[in-house]
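In what follows, a structure is listed as structure tokens, so that the remarks can point back to it.
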Amino acid sequence: MTKKALITGITGQDGSYLADYLLSLGYEVHGLVRRVALEAPETRFSRITHLLDRVTLHPTSLESYASIFHVFSKHDFDECYHLAAQSFVAESFADGFSTMNMNINGTHYVLAALRELRPRCRFYFAGSSEMFGNVNEVPQNESTSFQPRSPYGISKVAGFHLTRNYREAYGLFCVSGILFNHESPRRGFEFVTRKTTSTVARIKLGLANELRIGNLDAKRDWGHAKDYVRAMHAMLQQAQPDDFVIATGQTHSVREFCEIAFAEVDLDYREFVKVDERYYRPAEVDLLIGDASKARRVLGWEPTYTFRELVKEMVASDLAELRSESAGGDFSRKGAKVQSSTNHV
Ligand code: NAP
Ligand code: GDD
């Protein structure tokens, strides 16, 4: 029988790859999207344009229990992947209140609606390595304590505990994936990887002359989003609900990322990267490196991309997009300077 899945955050990086993956497995895929006054599908749904005729989208507010309740009352989903969140850590310092409201209450509303209407539906929560924060052991695994260093990290710890509590208190099949950073050509422009590769492409094509960046010494365990959505699905296919760390087990600094990205287009990053205090965070997570041995053992999950392959693919994709836009004379969208109320982008 065809399985039916709901993805919140389907327009995001992970939601779009997960939709691709579930469709390839024969799922009927639904997505929650926020309603906006002016729909411009070519930009608003840019990551899922290629599958708009194969998914069902439900305009829904994740800030309203009634709105979520309505969708669950109409559809009997087998699996729910709750990915929607204010996901930019820097923004969470600028507006901790809306990050908390959305990330904590949104998760609580979905869980409460499931419990009320669809207790059989399996639930995935998008936990994060940001929950580890000021890490007290290296590498981090499922038993490492949480010491979050940002409102975003705190909101994810709350979501993790809500998910665990619904599992323990009400017997729902609810799991959290504790995912380390994962990137791709579909990554948002504000994150350091895409900011770097999109700017590298602009510099290469003579459209920019520098990359202004913050902490070059921060280290992250960076994987590819395509690999990570397979792990989300695998977690919901287990006999028992359980939480898993998903990571590559390797860490690299922002400096190394820049070095490789610039070298991809035969440039020396030291000539173009300018450290700018504006991009430093009030509190930083200096080092993240994950131990995904439980996922390897139980889920049979392995990453397939190396760090270099990831950087290479992102640079090549940004160059190709920019070249095709320059052929059409439109530089306005991809890799364009992103405006942010927070000044953190
Ligand atoms: P993303 O690209 O920023 O996508 C976020 C999604 O959430 C988008 O679909 C966005 O919709 C939606 N969203 C944000 N605020 C919303 C609101 N107020 N109401 C309704 N929808 C809202 O994030 P991602 O990289 O795909 O990450 C997916 C999830 O995994 C997030 O929960 C993130 O925190 C978590 N996570 C990500 C990573 C990573 O490295 N990528 C690692 C660990 C955990 P719009 O398109 O309408 O903005
Ligand atoms: N964004 C950004 N911009 N980050 C910068 C910059 C800059 O100009 N310069 C240095 N950095 C550093 C940040 O201080 C951080 O240490 C690191 O680069 C990565 O920043 P981001 O790419 O913004 O990602 P993140 O690690 O804060 O958060 C991402 O990964 C989490 C998993 O650990 C997001 O995807 C979160 O949603 C996710 O949970």
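Both counts, for ligands and for their atoms, begin at 1 and track the order of listing.
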Any side-chain heavy atom of R308 within less than 4.5 Å of one from I260?
-> yes

D318 versus T197, side-chain donor and acceptor atoms under 3.5 Å = yes

Under 3.5 Å, is there a donor-acceptor pair between the H224 and E313 side chains?
-> yes

Does an N or O from [X], backbone or side chain, lie closer than 3.5 Å to an N or O of ligand 2?
{"X": "E190", "result": "yes"}
{"X": "G214", "result": "yes"}
{"X": "W222", "result": "no"}
{"X": "Y152", "result": "yes"}
{"X": "I213", "result": "no"}

Mind checking whether R278 has a heavy atom under 4.0 Å from ligand 2?
-> no

Is it the side chain (CB and beyond), the backbone, both or neither of E63 that lies under 4.0 Å from ligand 1, heavy atoms counted?
-> side chain

Does S176 reach the main-chain N or O of I178 with its side chain, forming a donor-acceptor pair under 3.5 Å?
-> no

Backbone or side-chain N or O of [X] under 3.5 Å from ligand 1 N or O:
{"X": "L62", "value": "no"}
{"X": "E183", "value": "no"}
{"X": "S87", "value": "yes"}
{"X": "M102", "value": "no"}
{"X": "A84", "value": "no"}

Provide the number and element of each atom of ligand 2 under 4.0 Å from a heavy atom of [X].
{"X": "K195", "answer": "7 (C), 8 (O)"}
{"X": "V89", "answer": "27 (O), 28 (O)"}
{"X": "F88", "answer": "1 (N), 23 (O)"}
{"X": "S129", "answer": "32 (C), 33 (O)"}
{"X": "A218", "answer": "16 (O)"}
{"X": "R187", "answer": "29 (C), 34 (C), 35 (O)"}
{"X": "S128", "answer": "31 (C), 32 (C), 33 (O), 38 (C), 39 (O)"}
{"X": "S87", "answer": "34 (C), 36 (C), 37 (O)"}

Shortest protein contact, [atom] (heavy atom only):
{"atom": "atom 2 (O) of ligand 1", "result": "Q13 N, 3.0 Å"}
{"atom": "atom 30 (O) of ligand 1", "result": "A126 CB, 3.4 Å"}
{"atom": "atom 41 (N) of ligand 1", "result": "R187 NH1, 3.2 Å"}
{"atom": "atom 39 (C) of ligand 1", "result": "H182 CE1, 3.3 Å"}
{"atom": "atom 15 (N) of ligand 1", "result": "R34 NH2, 3.3 Å"}
{"atom": "atom 5 (C) of ligand 1", "result": "A85 O, 3.7 Å"}
{"atom": "atom 33 (C) of ligand 1", "result": "Y152 OH, 3.5 Å"}

Within 45 degrees of the axis of the six-membered ring of Y17 and under 6.0 Å from its centre: does R186 put its NZ or CZ there?
-> yes

Think R187 forms a cation-pi with F191, using NZ or CZ under 6.0 Å from the six-ring centre and within 45 degrees of its axis?
-> yes

In terms of relative ring orientation, are [X] and [Y] parallel, tilted or perpendicular, with 30° and 60° separating the classes?
{"X": "F132", "Y": "F146", "value": "tilted"}
{"X": "F125", "Y": "F123", "value": "parallel"}
{"X": "Y27", "Y": "H233", "value": "perpendicular"}

Is the number of heavy atoms from other residues, nucleotides or ligands under 6.0 Å of Q240 CD greater than 12?
-> no

What atoms in ligand 1 come closer than 4.0 Å to a heavy atom of [X]?
{"X": "R44", "result": "47 (O)"}
{"X": "G12", "result": "2 (O), 4 (O), 8 (C), 9 (O), 26 (O)"}
{"X": "G9", "result": "6 (C), 7 (O), 9 (O)"}
{"X": "G127", "result": "43 (C), 44 (C)"}
{"X": "S128", "result": "43 (C), 44 (C)"}

Of the listed options [options], closest to [atom] (non-hydrogen atoms):
{"atom": "atom 26 (O) of ligand 1", "options": "N181, V33, D14", "result": "D14"}
{"atom": "atom 20 (O) of ligand 2", "options": "R194, E91, R220, R281", "result": "R281"}
{"atom": "atom 43 (C) of ligand 1", "options": "L179, I178, N101, D221", "result": "L179"}
{"atom": "atom 29 (C) of ligand 1", "options": "T11, L83, I48", "result": "L83"}
{"atom": "atom 10 (C) of ligand 2", "options": "D221, N215, L287, V275", "result": "N215"}

Check each of N103, N101, T99 against S155 using the side chain to side chain donor-acceptor pair (under 3.5 Å) test, and report the only one that passes.
-> N103

Please confirm whether [X] approaches ligand 1 to less than 4.0 Å, judged on its heavy atoms.
{"X": "G106", "answer": "no"}
{"X": "K156", "answer": "yes"}
{"X": "F88", "answer": "no"}

Give the intermediate values and the outcome of ring-ring contact (aromatic ring centres under 6.0 Å, His included) for residues F77 and H30.
-> CA-CA 9 Å; F77 299 110; H30 293 239; 5.2 Å; yes

Check the pair K4, H75 against side chain to side chain donor-acceptor pair (under 3.5 Å), reporting the backbone distance first and the verdict last.
-> CA-CA 9 Å; K4 196 162 160 179; H75 296 274; 3.2 Å; yes

